[in-house]
Amino acid sequence: GLIDAVRRRYDTELGGDRFVEDLKQAGLDEEQARKAQAEVSKQLDRVRENPAALPDMARDLAGKPEVRQAAIKAAEGTRQATWWTLAGVLTSLVTVVLGSLAGAGEILQPVPILGVQRRPVVRS
């Protein structure tokens with residue numbers, strides 16, 4: 001399934017710029033992206049000829065330093081995105097709580113001269 005998905009996305013464009021641009025967005029420079037493009041193209045040709053070789057190819061690729069470096073960069077980017085997402089969710093949560101308290105009149109309202117005063121809630 002993975003090979004078919006990669007083939008569908010890049011089969012006609014593996015020699016083109018789309019594959020390289022995707023790798024550059026993942027954090028690789030132009031030279032690394034071109035090397036990866038050549039390696040992936042070679043490996044896809046190998047899989048087309050012998051689909052049973054896929055597990056061996058995966059082990060071979062996992063052992064290469066360039067592949068490990070790209071995986072480390074991708075993991076670091078994912079980790080940073082996760083932390084920023086958590087910070088955004090917590091900020092939104094605090095904002096919602098404070099907004100609901102202010103709307104309900106349960107939060108201290110500043111008064112210009114006297115300091116801070118609690119506003120009574122008038123219910124009719």
Residues, nucleotides or ligands: over 12 heavy atoms within 6.0 Å of K35 NZ: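 No, not enclosed.
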For the student: nearest non-hydrogen atoms of A33 and K24, plus distance: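 Nearest heavy atoms, A33 then K24: CB-CG, 4.2 Å.
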Residue pairs, two or more places apart or on separate chains, that pass side chain to side chain donor-acceptor pair (under 3.5 Å) and touch residues 80-91: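 Output for this query lists E76-Q80.
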Q32 side, atom CD; Q69 side, atom CD - distance, nearest 0.5 Å: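 It is 5.0 Å, given to the nearest 0.5 Å.
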R34 and E31 ion-paired at < 4.0 Å: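 Salt bridge between R34 and E31, a charged N being under 4.0 Å from a carboxylate O: no.
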